[in-house]
Amino acid sequence: MYQAVKGTQDILPADRAYWRYVTEQMHAVSALFGLQQIDTPIFEETSLFVRGVGEGTDIVDKEMYSFQDKGGDDLTLRPEFTAGVMRAFIEHGMHVLPRPVKLYSIGPIFRHEAPQAGRYRQFHQFNVEMLGEMDPAVDLDVMSVAWMLLTRLGYRGLNFQLNSTGCRKCRPGYRAALVDYFKAYEDRLGDVDRRRLAINPLRLLDSKEPAVQPLLDAAPHSADHLCDECATHLAGLRGYLAALGMPYTINFRLVRGLDYYTKTVFEVWAEGIGSQSAVCGGGRYDGLVEELGGPPTPGIGFAMGIERVIASLKQQGITPPALAEPRVQVSPLGEAARLPAIRLVNDLRAAEIGALLAFGGRSLKSQLKSADKAGVAYTVILGDTELANGVAVVRDMASSQQETVAADGIVDWLRARVIRNT
RNA sequence: GUGGCCAUAGCUCAAUAGGCAGAGCAUCUGGUUGUGGCCCAGAAGGUUGCGGGUUCAAGCCCCACUGGCCACCCCA
């Protein structure tokens with residue numbers, strides 16, 4: 001039997017209310033911030049991601065779905081949004097737009113990882129980018145999008161993890177300080193951590209090795225090695241966060257897996273959804289647009305994992321509003337009533353009243369049973385007797401009261417009640 | 001990619017120590033003329049994830065594969 005490819009999943013109707021709820025809130029909150037929606041292709045030239053995300057990152061080195069198409073082009077299913085959005089920003093000359101340029105996207109992302117709860121090979125992200133402005137108030141604006149969205153979805157006790165990883169000027173110094181510090185303890189490091197020390201020492205801060213933990217406490221903090229510009233930027237952002245009362249924890253061990261981040265990095269964690277607790281992560285990437293061939297343009301953004309958000313909503317017992325369902329069923333009795341019933345259902349839908357036809361010519365008992373299961377408010381019963389008299393019987397399913405209504409007035413009769421009910 | 005645990009009806013789970021594969025929920029039908037929910041009866045639903053092996057006999061033991069979960073790793 002066929003089954004969904006490893007790490008992919010079907011989003012079934014039973015989950016649709018969550019998806020609708022979450023994505024509607026994403027659009028609504030984006031509108032409040034003046035974010036405009038942009039949809040870029042699901043695949044791009046492979047080299048765009050290699051340059052954008054960075055060689056040596058896990059994403060580029062081992063997680064990309066890359067392939068050659070029939071024309072021999074090297075393409076990759078997007079493993080993140082930012083590189084593609086930056087490509088579009090540059091390609092369409094969006095740097096001439098009033099700044100900051102505020103963009104958001106919603107769609108699938110692909111990474112070849114070992115699947116686990118909350119971690120999939122195809123998953124969905126809500127992505128926000130603000131381009132062209134250095135002001136730390138933009139950092140605040142971006143973080144506020146995540147904050148307001150999660151708050152509106154029902155999260156309580158939110159807390160940002162915040163750090164600054166410096167910039168091109170000050171990061172090399174910090175990196176050197178880290179290497180110096182850990183070199184002294186190299187014999188205590190495991191293979192993995194020793195490799196990190198050589199390749200990407202910042203990642204050592206993220207180590208879970210028990211033997212390394214005591215070392216981490218005394219390791220140099222990035223915050224102590226920031227240049228004046230980066231330090232001022234971070235101080236400015238912290239002032240704004242405090243002013244808005246948005247709680248955050250300075251987490252000097254917070255590093256992100258993409259090379260392009262500068263200065264501000266942040267994450268939001270949700271508890272109780274397994275080990276994949278980062279529900280949202282992002283940061284500033286002031287050199288990226290230039291790196292990809294555009295004009296020097298600072299930027300900051302974040303991505304939020306929709307599957308993880310939904311998992312944590314469920315875990316917290318937050319239920320989304322129900323989706324709209326048909327409020328009326330039309331039940332014909334006997335062959336003669338079928339055509340009038342089909343016409344009535346059609347008229348009801350044309351009048352914006354959701355309506356179901358009872359199929360199959362079953363007994364009235366069986367038809368009422370199905371109406372009950374469908375959860376409709378009214379069932380219109382149309383049999384020989386009613387046809388002969390030019391009427392229909394309308395049954396209120398909640399009260400079991402029935403009323404005889406003139407056939408040509410049924411749509412109006414129902415419109416008056418169903419709208420009140422919904 | 002590495003290691004551990006797991007896989008029985010659509011769902012949640014049973015099946016004594018290898019010995020005829022079951023229940024609840026869900027689905028469909030019926031409980032007397034054209035009236036739902038509760039209740040009762042019945043039906044349908046399975047190559048026990050896939051493929052091998054051991055055995056008189058395998059859901060149960062062994063091997064490989066696939067998938068899920070957990071940890072590592074990484075991140076959303």
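Note that the structure is predicted; figures quoted are calculated from it, not measured. Just so it is clear: chains get the letters A, B, ... in the order the sequence lines come, proteins before strands, and each one is counted from 1.
Comparing B:U48 with B:C61, their P atoms sit 16 Å apart, to the nearest whole Å. Comparing B:G30 with B:G67, their P atoms are spaced 44 Å from each other, to the whole Å. One C1' atom belongs to B:A76, the other to B:C39, and the distance between them is 50 Å to the nearest Å. Using atom C1' as the reference point in both B:C60 and B:A44, the two lie 28 Å apart (nearest Å). Using atom P as the reference point in both B:C50 and B:U33, the two lie 46 Å apart (nearest Å). Using P as the reference atom, B:C11 and B:C69 are 15 Å apart when rounded to the nearest Å. Taking atom C1' on both B:G49 and B:U66, the two are 7 Å apart, rounded to the nearest angstrom. Look at the C1' atom in both B:U8 and B:G46: the space between them is 8 Å, to the nearest Å.
Rounded to whole angstrom, the span from the NE2 atom of A:H124 across to the C1' atom of B:A76 amounts to 13 Å. Note: NZ (A:K369) to P (B:U35) measures 12 Å, nearest angstrom. Counting to the nearest Å, the P atom of B:A76 and the CG atom of A:L254 are 10 Å from each other. Rounded to whole Å, the distance from CE on A:M26 to P on B:A76 is 14 Å. The separation between A:Q367 atom CD and B:U29 atom P is 10 Å, rounded to whole Å. What separates CD of A:Q122 from P of B:G67 is a distance of 16 Å, to the nearest Å. Atom CG in A:D384 sits roughly 15 Å away from atom P in B:U35 (whole-Å rounding). Atom C1' of nucleotide B:G34 and atom CD of A:E335 are separated by 16 Å, given to the nearest angstrom.
A salt bridge does not link A:E44 with A:R78: every distance from a Lys NZ or Arg NE/NH1/NH2 to an Asp or Glu carboxylate oxygen is 4.0 Å or more. A:R415 and A:D412 are joined by a salt bridge, as a carboxylate oxygen and a charged side-chain nitrogen come within less than 4.0 angstrom of each other.
When A:D135, A:V101, A:V145 are each tested for a side chain to side chain contact (heavy atoms under 4.5 Å, CB included) with A:M130, only one passes: A:V145. Across A:T264, A:D139, A:T165, a single residue satisfies side-chain hydrogen bond (donor to acceptor under 3.5 Å, both in side chains) together with A:R284, and that is A:D139.
For A:Q3, whose side chain is taken as the heavy atoms from C-beta onward, the closest listed nucleotide among B:C28, B:G37, B:G67 is B:G67. Each of B:C70, B:G37, B:A76 was ranked by its minimum atom distance to the side chain of A:R308; first place goes to B:A76. For A:K365, whose side chain is taken as the heavy atoms from C-beta onward, the closest listed nucleotide among B:G67, B:C69, B:U35 is B:U35. Comparing atom distances between the A:Q402 side chain and each of B:U29, B:U35, B:A76 picks out B:U35 as nearest. Closest to the side chain of A:D372, out of B:G1, B:G37, B:G68, is B:G37. Picking from B:U35, B:G1, B:A76 the nucleotide with the shortest atom distance to the side chain of A:I381 gives B:U35. Residue A:D58 has its side chain nearest to B:C73 when only B:C73, B:A76, B:G67 are considered. Considering only the side chain of A:L333, B:G34 comes nearest among B:G68, B:A76, B:G34.
Nucleic acid contact for A:G7: sugar-phosphate only, since backbone atoms but no base atoms lie under 4.0 Å from a heavy atom of the residue. The residue A:Q329 sits apart from the nucleic acid: no heavy atom pair falls under 4.0 Å. A:Y120 comes within contact range of at least one nucleobase, with a heavy-atom separation under 4.0 Å. At a threshold of 4.0 angstrom between heavy atoms, the contacts of A:S370 with the nucleic acid are absent. No engagement by A:A4 is indicated, since no non-hydrogen atom pair under 4.0 Å with the nucleic acid exists. Here A:A303 lies in heavy-atom contact (under 4.0 Å) with sugar-phosphate atoms only.
A 3.5 Å limit on both hydrogen-bonding distances identifies no Watson-Crick or G-U partner for B:A64. Within the shown strands, B:C70 is the pairing partner of B:G3 under the Watson-Crick or G-U definition, both distances less than 3.5 Å. Pair assignment for B:C25 gives B:G10, based on Watson-Crick or G-U wobble hydrogen-bonding distances that are each under 3.5 Å. Figure legend. B:G37 is base-paired to no nucleotide; pairs are counted as Watson-Crick or G-U wobble with both atom distances under 3.5 Å. The partner of B:G46 is absent, by the rule that a Watson-Crick or G-U pair needs both atom distances under 3.5 Å. Using the Watson-Crick or G-U wobble rule with both distances under 3.5 Å, B:G19 pairs with B:C56.
Two residues are said to be in side-chain contact when any heavy atoms from C-beta on lie closer than 4.5 Å; A:S105 and A:T40 fail this criterion.
Ring centroid separation for the pair A:W413 and A:Y378 comes in under the 6.0 Å cut-off.
Distance check: A:I11 CD1 to A:I310 CD1 gives 7.5 Å after rounding to the nearest 0.5 Å.
For the pair A:V376 and A:E307, nearest-nucleotide mapping onto RNA chain B gives the more 5' position to A:V376. Comparing A:D396 and A:K62 against RNA chain B, the residue whose closest nucleotide sits nearer the 5' end is A:D396.
Neither OP1 nor OP2 of B:U35 sits under 4.0 Å from any side-chain N or O of A:S363. A:Q116 has a side-chain polar atom (N or O) that falls below the 4.0 Å cut-off from OP1 or OP2 of B:A71. Taking 4.0 angstrom as the limit, A:K6 places none of its side-chain polar atoms (N or O) nearer than this to OP1 or OP2 of B:C69. In terms of phosphate contacts, A:R119 brings no side-chain nitrogen or oxygen within less than 4.0 Å of OP1 or OP2 of B:C70.
Looking at A:K102, its side chain does come within 3.5 Å of a backbone N or O of A:F33 through a donor-acceptor pair.
Figure legend: A:K314 and A:Y18 shown as a cation-pi pair, the cationic atom lying under 6.0 angstrom from the six-membered ring centre and within 45 degrees of its axis.
For A:E63 against B:G1, a side-chain-to-base donor-acceptor contact under 3.5 Å is absent.
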